[in-house]
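Residue numbers start from 1 in every chain, and the chains themselves are labelled A, B, ... in the order their sequence lines are given, proteins ahead of strands.
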Amino acid sequence: MADLEAAGQLVLVEDRLIELAHSDRSKTPIEPYLADQWFIRMDELAEPALEAVRSGKLKIVPERYAKSYLDWLSEKRDWPVSRQLWWGHRIPIWHISGVREAALAAAFAGRTSVAWQPDGTARDDDGGGGWFVCTSDETLGVDTIDGQPIVQDSDVLDTWFSSALWPHSTLGWPEQTAELATFYPGSALLTSRDIITLWVARMVIMGVFDTGVLPFREVYIHPKILDRYGETMSKSKGNGVDPLDVIEALGADALRFGMTTLATETQDVRMPVEFQCPACEARIEQTVQNRIQPRIECPKCKKPFKTQWAQTDTDLALPRGPALSERFEAGRNFSNKLWNATRFVLMNLEDFQAGDLAGAGNRFEALEDRWLASRLASVTAEVNRCTDEYRFADAARALYAFTWDEFCSAYLELCKSRLGDPATRDQARAMLLLALDTILRLLHPIMPFLTEEIWQHLGEVAPNRRLPWDRGEAPAASIMVARWPEPPLAWVDRRTEEQFGTFLAVVGAIREIRSRQNVPPKTKLTVQIRAPLSTAELLAPMRGSIESMAGASLGVVGPDATGAPGAATAAAAGCDLFVDLADLIDVGAEIARLKKDHEKLVAMIAAKRVKLGDETFAARAPANVVEKEREQLVEMEDRLVKGMTTLAELAARKPG
RNA sequence: GGGCGGCUAGCUCAGUUGGUUAGAGCGCUACGUUCACACCGUAGAGGUCACAGGUUCGAAUCCUGUGCCGCCCA
């Protein structure tokens, strides 16, 4: 500064704030310090690791992470491996001063694993110098040479150096063990994105260098879980979830299922954390303030509980409030759902003899059986596809939706009446067994404990069951070694699924009317369904099912069905449903609803007309898209007219 | 400074190659304990898809820019 001033070059002196890095652990500023360190030259080592990914021999999923791997390795920056710590692998380098090379050669004569080179210090007067000595053996075996002490470097290797050895050293390398022969290389490495360069790249480098073989063929990078504020979870911040707490409160399968549904292709997932009051089970949002307190008072029951920070004897004596997340509750609820569905199946399976389901494919006569078989085949294919592509969340979602919404809500309900009829009872039971067994196998990787438990119960009730994919063998003693299900794709039947969809839509429409009009569940509704002949034929065999699932009795189902003037109406799957509610109907509510519908329809019809009137749309959009739009317009206009008729009828009926 | 990702319902997230009225779980509202399940059932409300341009007959989706959030590297 003085020089600048003297030279007349100093313009201004001012105070500036400088970003100063702080140590995460000690919270003290990090000061630069120049020191000699050991480096590993990377140019030759990096090349095979780069080639492995470029050529596709090593696949990184999701693909975008290959970029950070390649970018980083391409720089081929030398790796500083020495650390001034008290733990770790000591660097296999020794120092000696004041000796000539001849003395080293004599001391290590015959040892090919020892190498040395000058350490760069100046020579002594008598020709002796400083040397680095290196060996791949554990020790040098000598303490002095020519009276000079030989001392091992006090530095240890970077933790990632040791970690890079993990795939092969854990299997006994450098010995050629049976474990190494069997388990090396592995198939897939699952890890977090922040250590792709630190760990994954180093394992590849080290694995190839030491064994000549890539340590794994695929790398799956999973998302990282952050708290509700987007911060990385850590014990020292106190913002984490303890898996043991989750297991204790919600179950091990809830934890695993929850983790699986979080495993999407995204980079981060957020997990809001809540304390659970041990006294009243109220949930208390974890905040930046309360997460570092030794005790928290429950705002609901006012009783205090301790956290991981409890220190004093009084705090330590308090009951502990576990840290949980609502994101595991769906898994807990799902476990419960599956357990109860199982109870229902087992209850109905007692004294069931026909356990051989190997020829199940020949017996799908009822619509719902064809549908269930079709769905089993589709869902299995979907789960296979998802797991092959590391889309674990999609697999979990598919199984959750199928089990809950289709197997439990639809199929089990339909079975209830069939189970009471001796003519259909055994077929329904066989189908329940087939479906539950298949669901268990598909779910097992995601919910291992519950599925095993149920598997054992199933084994007691139906020990002789044979599924088509069991190849004539009895069910395995444990689901862990049971065959993966293989429902044939020939079971997939799109027309049946469509048909079944129509059925469900009709049931839904009746339920909607009931709910809209506040009709108690026990009151039977009488429903007329105006449907095209084809749809009516299709619904005919499901008549009883519609009645039982919707709590209704069906009148006319066909093109000529009509409702009394002012009947409550609903549309579904190309049908119009009429429920005459003369004594029950809330006319005002119905009119209000229809008016709202009407406004919405008018707006949508207007938009459609503009679209279809646009010449360029007709000219440039694909024919099927234009056709679809036309059909929708017709359908909407039809609904508009019907709505207006009903409105007029209701208005005439409304008292006053 | 470079790179990667995110911004969709109150919350946490899905949304395949652009094409019905954008979905799920939790939460919320109403009704309901009919013998698998209230950790449940039925129905419902709730979204200008961060913002601004552009491409296109058509954009949550493709392109450009901006803002905010996060991570890796320097």
Strictly by Watson-Crick or wobble contacts shorter than 3.5 Å, is anything paired with [N], and which nucleotide is it?
{"N": "B:rG41", "value": "B:rC31"}
{"N": "B:rC4", "value": "B:rG70"}
{"N": "B:rA52", "value": "B:rU64"}
{"N": "B:rC11", "value": "B:rG25"}

Taking the cut-offs as 6.0 angstrom to the six-membered ring centre and 45 degrees off its axis, would you call A:R465 and A:W455 a cation-pi pair?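 Because its charged atom sits under 6.0 Å from the ring centre and within 45° of the axis, A:R465 does stack over A:W455.
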
Check: Do we get A:K416 above A:F344's six-membered ring, with its NZ or CZ under 6.0 Å from the centre and within 45° of the axis?
Finding: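 Positive - A:K416 is close enough to the ring of A:F344 and near enough to its axis.
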
Within the structure, does a side-chain N or O atom of A:N348 lie under 4.0 Å from either OP1 or OP2 of B:rA36?
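So the side-chain polar atoms of A:N348 never come under 4.0 Å of the phosphate oxygens OP1 or OP2 of B:rA36.
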
Q.
Check the phosphate of B:rU34 against A:K416, side-chain N and O only, distance under 4.0 Å to OP1 or OP2. Yes or no?
A.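 Indeed not, no polar side-chain atom of A:K416 lies that close.
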
For this session: State yes or no: are the ring centers of A:Y65 and A:Y220 separated by less than 6.0 Å?
Result: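 No; A:Y220 has its ring centre 6.0 Å or more from that of A:Y65.
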
One pair to check against side chain to side chain donor-acceptor pair (under 3.5 Å): A:R291 and A:Q286. What are the steps and the verdict? CA-CA 6 Å; A:R291 75 188 188 197; A:Q286 185 182 70; 5.7 Å; no

Q) What class does the angle between the rings of A:F334 and A:W404 fall in, given that below 30° is parallel, 30 to 60° is tilted and above 60° is perpendicular? A)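 Correct class here is parallel.
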
Worksheet item: Say you pick atom C1' in B:rA52 and the same atom in B:rU48; how far apart are they, in whole Å?
Response: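 One C1' to the other, the span is 14 Å.
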
| task | Give one of base, sugar-phosphate or nothing for A:R514, where a contact means two heavy atoms less than 4.0 Å apart. | result |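 Nothing, no heavy atom under 4.0 Å.
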
Any donor-acceptor N/O pair under 3.5 Å between B:rU21 base and A:R639 side chain
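Side chain to base: pair present.
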
- Go through residues 67-79 of chain A and report each residue with a non-hydrogen atom lying under 4.0 Å from RNA chain B, sorted by number.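 When residues 67-79 of chain A is checked for heavy atoms under 4.0 Å from RNA chain B, the hits, listed by number, are A:K67, A:R77.
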
